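We count ligands from 1, going down the list as the structure has it; atoms in each ligand are counted the same way. Values in this document were obtained by computation on a predicted structure and should not be read as measured data.
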Amino acid sequence: MNTYDLIMKKRNGEILDKEEIIYLVEGYTNGTIPDYQMSAFLMSVYFQGMNAEETTNLTMAMADSGDRLDLSGINGRKVDKHSTGGVGDKTSLIVGPILASLGVPVAKMSGRGLGHTGGTIDKLEGIPGFQTSISEEAFIKQVNDVGLAIVGQTANLAPADKKIYALRDVTATVDNISLIAASIMSKKLAAGADGIVLDVKTGSGAFMKTLKDSKKLAEAMCEIGYMSGRDMTAVITDMNEPLGNCVGNVLEVIEAVECLKGNGESRLMEVCRELAANMLVIAGKVDTIDSAYPLVSDAIETGKAYEKMKEFVTAQGGDASYLDDITKFPQTAYERVVTGGELLDLCEETKGLDTGYLVSCDNEEIGMASLLLGGGRRTKDEVIDLSVGIRLNKHLGDSISRDEEMATLYANDEDRLKEALDRFLKAYKVSTSAIDKKSVIYDTITRMK
Ligand code: URA
């Protein structure tokens, strides 16, 4: 077997067998296959696709590329959650404390930002002192003591995914159903939970832009998990505009705190409620989703979930006083307010008018604007600026008027701010006619024993 032949085989649209896929995954993980050959292989997969059997074989080869986490030392049924990636998606920071405050252990491995999307680990590193890398023993102890731990993917958990994920990020090979399914499910299977709730994003800010592709991705992942003995639910949620009001690492931590204190933006809270309720069902805490919703609301209203967030942050070395007093977080050098008038004047239909409606958003461009501000990585080793980002006052379907503050961009570099502002302004379309607000939850797919 040699790598060149396998790249050509996939480039020509042929099917790879299990041994061939293992050869590629093992070779790339141990360094005998270089980045340039793996990049070519990934691009071939991007254009030619993989069938269900190839996708499962790729997932298993990646899950077996390192250790599998043994969570048997944690009491109770362990439920994991994972998002396929979006803009302003801070749901793990909200759902984790809710579940833990209700007595469901959450042992979560999370990722960093990928392309235009953010990552939970980057966000948590915005809290001074927070350790995203702790030993397996400390991780398990924390879940037993506190009910929640969130760490970065350890070096030996699905190391193949770690390397391939970083390479895909810089070779335009992220948005492919098989590659995303294998990436997410290899980590989730290696991370050892009994059940998994997936948040499959759909729309302009997601890797899957259409509902049809998002459903295919959700079905592929549920099938892989189910065949490996896991209870699976995938909730398909909207990503045609940022989720919530904030995009950017520290800004999203601050927004998560607002949500846990009961002041969350409605669409963001709807997604969190749905994910948390499904996790409660899979954990066996309740029999039906309808009996789960009141528990979720109660966790927030009583302040239990917010207290759990602080306990979790403290346990992982973070300074929880920043959550109680968000003014302690470092401020950026520049704050650029965007007014409704700037957007109205950019669209032919509303030029010169005093009011209009926000009717569409190229959400990937909003993610790119945040990345350009310094909140994401352009190369795989780039150091990011955790304090920059965007705060939105308006959402799709809202009316905007000329003098109203539509958003604020936070930056530490004037040139980056200019570039990001340009992308941000062009992302929105404004019209004189109103549109209906879109639902944030589209569908739910379940595969359970
Ligand atoms: N999240 C992942 O973990 N992997 C992907 O490929 C995309 C999103």
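If you look at T117 next to ligand 1, there are no close heavy atoms at all, none under 4.0 Å.
Using a 4.0 Å heavy-atom cutoff, I184 is listed among the residues neighbouring ligand 1.
There is no side-chain donor-acceptor pair under 3.5 Å between N249 and D122. Under the 3.5 Å distance criterion, with hydrogens and angles disregarded, a donor-acceptor pair is assigned to the side chains of D70 and S72. The closest side-chain donor-acceptor pair between D89 and S83 falls under 3.5 angstrom.
Looking at atom 8 (C) of ligand 1, its nearest protein heavy atom turns out to be T84 O, 3.3 Å. Nearest to atom 2 (C) of ligand 1 among the protein's heavy atoms is Y165 CE1, 3.2 Å.
Here is the list of ligand 1 atoms found below 4.0 Å of a heavy atom in S183: 2 (C), 3 (O), 4 (N), 5 (C), 6 (O). Of all atoms in ligand 1, numbered sequentially from 1 with element shown, those under 4.0 Å from a heavy atom of K187 are 2 (C), 3 (O), 4 (N). Each of the atoms 5 (C), 6 (O) of ligand 1 lies under 4.0 Å from some heavy atom of R168. Shown in contact with H82 at under 4.0 Å from a heavy atom are these atoms of ligand 1, numbered in order with element: 1 (N), 2 (C), 3 (O).
You'll find the ring centres of F130 and F312 inside the 6.0 Å limit.
Taking the centre and axis of the six-membered ring of F41, the NZ or CZ atom of K10 falls outside the cone set by 45° and 6.0 Å.
Under the salt bridge (charged side-chain N to carboxylate O under 4.0 Å, His left out) rule, R391 has a single partner from E255, E258, E252, which is E258.
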